[in-house]
Undergrad: 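I have a structure I would like to understand better, so I am pasting it below and will then ask my questions one at a time.
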Amino acid sequence: MPELPEVEIVRRSLDEKIKQKKVKKVIVRNRNLRFKIPLNFGRFLKNKKIIKVQRFSKYLILCLSDSSYCLLHLGMSGTVHLIHSNKKNSITNTSFYNSPELPKKHNHIEIIFEGMKMVYNDPRRFGFFQLIKDYSSLKKRFNHLGPEPFQSKFNLRYVCSFFKKKEKNIKNFLIDQNFVSGIGNIYASEILFLGKINPNKKVNSLIEKDCKKIIFNSKKVLFNAISKGGSSIRDFKNISGTKGSFQKNFNVYQREGLKCKRFRCKGIIKKKIISNRSTFFCNTCQK
DNA sequence: AAGAGGCCCTGATAGC
DNA sequence: TGCTATCAGGGCCTCT
């Protein structure tokens with residue numbers, strides 16, 4: 001599910017629901033995620049308040065009351081569920097309602113608050129939690145990441161200078177988090193379609209106008225996706241169980257063999273594997 | 001240094 | 001029905 005827009009949707013509902021809540025208890029059911037959940041995980045979180053929930057790129061950041069942080073990355077298949085209990089003060093037992101949304105398998109972590117708990121589910125285990133002791137460690141943790149498309153640092157000078165002398169194709173760069181962070185495999189294809197740029201094009205052959213289009217459309221696609229509640233493919237739902245609808249706005253992603261949606265374009269959408277990831281584009285209007 | 005490729009996992013679906 | 005192969009929204013590591 002998760003590129004920047006989907007993570008932002010999760011962040012918003014999480015922030016609304018658990019802000020100012022105090023962690024009463026943590027249950028680690030399965031420590032095996034991308035990084036093994038450390039043994040002190042529960043102890044670290046217990047009795048701390050969630051001041052707010054922030055996000056950078058595809059990372060959720062739980063800001064804790066002692067100025068430490070708990071990072072959460074959803075990987076490919078991570079989902080967050082909030083389960084409300086009907087009875088207060090009975091958190092030691094299993095007195096929570098089991099939401100119909102909560103999967104039976106792969107519930108790794110439960111963070112229990114007054115009256116509700118947050119459950120992290122992740123079948124493929126590519127997601128992770130990380131405990132960060134202070135702000136400078138948090139900065140360091142994100143050091144390798146490029147700017148988000150929304151940041152002013154993601155500007156023409158930055159993009160052009162990054163592209164100089166680089167031999168990789170543009171699709172590859174859009175999903176390269178060192179270059180720009182938050183764009184994943186779906187939105188990369190969509191961004192290139194809007195700019196009429198062929199995903200195979202080498203970045204050192206892009207002209208300034210192309211770079212401008214990439215910057216503009218990166219913001220546009222992500223912004224639109226957020227405003228539609230993200231994309232729900234394979235039944236992604238947000239925390240409240242509502243689906244996003246941006247998948248209805250896909251121009252190319254998962255549209256192999258279908259007609260190009262661009263006005264007057266007679267092209268057919270092609271699918272090509274570029275650096276091991278499916279890439280969709282119109283080979284007529286994307287030059 | 002940059003780029004290609006492989007790997008970490010489970011589950012859904014397609015094809016036989 | 002049941003097998004196998006392929007693919008999936010990400011990130012990190014190694015090798016050249």
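The chains referred to below are lettered A, B, ... by the order of the sequence lines, with proteins before strands, and numbering in each begins at 1.
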Undergrad: Which atoms of nucleotides 14-16 of chain C (N or O only) lie under 3.5 Å from a protein N or O atom, and what are those distances?
TA:
none

Undergrad: Quick check on A:Lys261: does its NZ atom have over 12 non-hydrogen neighbours (other residues, nucleotides or ligands) under 6.0 Å away?
TA: yes
Undergrad: Any strand counts, and the cut-off is 3.5 Å on both contacts for Watson-Crick or G-U wobble. Which nucleotide pairs with B:dC9?
TA: none
Undergrad: In terms of heavy-atom contacts, does NZ of A:Lys220 have more than 12 from other residues, nucleotides or ligands at under 6.0 Å?
TA: no
Undergrad: According to a strict under-4.0 Å criterion, is A:His106 in side-chain N/O contact with OP1 or OP2 of B:dG11?
TA: yes
Undergrad: For B:dG11 and A:Lys105 - does any side-chain N or O of the residue sit under 4.0 Å from the phosphate oxygens OP1/OP2?
TA: yes
Undergrad: Using a strict threshold of under 4.0 Å (side-chain N to carboxylate O), is an ion pair present between A:Asp66 and A:Lys48?
TA: yes
Undergrad: At under 4.0 Å, does any side-chain N or O of A:Lys271 touch on OP1 or OP2 of C:dA8?
TA: yes
Undergrad: Distance between the P atoms of B:dC9 and C:dC3, in whole angstroms?
TA: 24 Å
Undergrad: Side-chain N or O of A:His144 versus OP1/OP2 of C:dG11: is the shortest distance under 4.0 Å?
TA: no
Undergrad: Does A:Phe154 have its ring centroid less than 6.0 Å away from the ring centroid of A:Phe150?
TA: no
Undergrad: For A:Phe126 and B:dC8, give me the distance from atom CZ to atom P, rounded to whole Å.
TA: 9 Å
Undergrad: Kindly say if A:Arg124 contacts the phosphate of C:dA8, meaning a side-chain N or O under 4.0 Å from OP1 or OP2.
TA: no
Undergrad: Consider the side chain of A:Asn276, meaning its heavy atoms from C-beta on, and name the nucleotide among C:dG10, B:dG5, C:dA8 that approaches it most closely.
TA: B:dG5
Undergrad: Starting from P on C:dA8, measure out to CD1 on A:Ile186 and report it in whole angstrom.
TA: 11 Å
